[in-house]
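Let me begin by presenting the structure, written as structure tokens, before commenting on it.
In listed order, ligands and their atoms are each counted from 1. Numbers here are sequence positions counted from 1.
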Amino acid sequence: MFDFKYFTPTKVVFGKNTESKVAELIKEFGGTKVLIHYGGGSVVRSGLLKRVTDTLDAAGISYVSLGGAVPNPHLGLVYEGIELCKKENVDFLLAVGGGSAIDSAKAIGYGLANEGDVWDFYDYKRKAEGCVPLGVILTIAATGSEMSDSSVITKEEGLVKRGYSSDFGRPKFAIMNPELTMTLPDYQTACGCTDIMMHTMERYFTQGGNMEITDALAEGLLRTVKKNAVILRDDPKNYEARAEVMWAGSLAHNGLTGCGNDGGDWMTHKLEHELGGLYDVAHGAGLAAIWGTWARYVYKNCLPRFKKFALNVMEVENTGTDEEIALRGIEALEDFYRSINMPTNLRELGVNPTEEELALMAKKCAVGVGGEMGSARVLNEADMLAIYKASV
Ligand code: NZQ
Ligand code: ZN
């Protein structure tokens, strides 16, 4: 077992109608002038934004609004948000939406609290020394950004998608009402379930750790999301299933399912980030499209974990060699992806890269990870290219 730090300062307020608590939570964390940051308009159409502004009006909290955070959120809007907040003397950020709005708000917070170009943090040039306090009203269970230390931003020039992680960016509070996720398109619900599972799987397929309690939490979370993803496919308004998945999304990425391991593998995410940057695909779908190929490329180097996953999560038959069991587990997860209409290769994802684009993604991915990365198996640029090629 490895030593670890577990830091989850986010106050979670979970359940029906919890968005009505937003004003008192902002006050609790000292906010006096708020930027409400949201995405492409789902929160306008659902009436959530109006309910939030009504609540702030009633509490006498002043605010400005900035929508337009797209999936794979752009740096340009982050700069716009920073300027707006400076002009308006904003001291608290409220993201209303999914990972994209939250990540964009975190970037605005870094830009406000630090001098210089905020992209420097995403470009690994320097570290942030603070972030303006941030609260979240979550509308999609997926990234776990409502409790995580990460923010992922795409720089339009060169389509560079990069993540930056810092404890300063962890939200002060997260309001999670599972009912708010009921307006999601089925595809986004399935993308979210895939992403949630991947956040725990990235921490599970490693060479280190193997802490019994962490494995039990991880395997239980994976089984729960797998089961409830299918329930939501057939019954999208099922409150209990929405709630299970929503809480799983936070636990999958707040560090809990990685305590005592070696920090995780994360190569499926890194490979997907290039797909998201170049083709603007939904993050969860991109992960599903690449995972099977990655798994077949690395499983022999991490056989005990793949066997354990096959038996304890995918519940495959315990017969044959370890390799056969591991492969059966990989196939079973791909079957599950197909069952919730997720892609299992790039063609099904709807992208058809040229040889040059495959090489470009491998190169950018290698640069993004500083040459090589991975725990299940360390991958370099040639490995990344081989995986991209095999996943077409
Ligand atoms: O933009 P709007 O109009 O709100 O529509 C969104 C968007 O089209 C829609 N949506 C969200 N809630 C809805 C809804 N539609 C109807 N009803 C609702 N209740 O769903 C679409 C996807 O939203 P988005 O915020 O982009 O999804 P997600 O939460 O999956 O975020 C994806 C981004 O987060 C990054 C991804 O790479 C991607 O850029 N990630 C962030 C992480 C983090 N900060 O910890 C970790 C992840 O691994 C990931 O990389
Ligand atoms: Zn993810």
What's the shortest distance from [atom] to any protein heavy atom, and which residue and atom give it?
{"atom": "atom 35 (C) of ligand 1", "answer": "Asp103 OD2, 3.7 Å"}
{"atom": "atom 7 (C) of ligand 1", "answer": "Pro71 CG, 3.9 Å"}
{"atom": "atom 45 (O) of ligand 1", "answer": "Ser148 OG, 2.8 Å"}

Just heavy atoms, cut-off under 4.0 Å: does [X] contact ligand 1 by side chain, backbone, both, or neither?
{"X": "Ala142", "value": "side chain"}
{"X": "His253", "value": "side chain"}
{"X": "His269", "value": "side chain"}

Looking at [Y] and [X], is any side-chain nitrogen of the basic one under 4.0 Å from a carboxylate oxygen of the acidic one?
{"X": "Glu244", "Y": "Lys227", "result": "no"}
{"X": "Glu356", "Y": "Lys363", "result": "no"}
{"X": "Glu274", "Y": "Lys161", "result": "no"}

At a 4.0 Å cut-off, with the gap strictly under it, does some heavy atom of [X] reach an atom of ligand 1?
{"X": "His199", "value": "yes"}
{"X": "Gly41", "value": "yes"}
{"X": "Lys161", "value": "yes"}
{"X": "His273", "value": "yes"}

TODO: Looking at His199, pick out the N, O or S atom nearest to the Zn ion (ligand 2) and give its name.
DONE: NE2
- [ ] Taking the Zn ion (ligand 2) as the reference point, name the nearest N/O/S atom of Asp195.
- [x] OD1
Open item on the list: Determine whether any protein heavy atom is located less than 4.0 Å from atom 21 (C) of ligand 1.
Closed with: yes
Give the numbers and elements of all ligand 1 atoms closer than 4.0 Å to a heavy atom of [X].
{"X": "Thr183", "value": "16 (C), 17 (N), 18 (C), 19 (N)"}
{"X": "Asn72", "value": "38 (C), 39 (O)"}
{"X": "Ser150", "value": "43 (C), 44 (N), 45 (O)"}

Task: Polar atom proximity, Leu180 to ligand 1 (N or O, under 3.5 Å) - done: yes
Task: Ring centre gap for Phe92 and Phe29 strictly below 6.0 Å - done: no
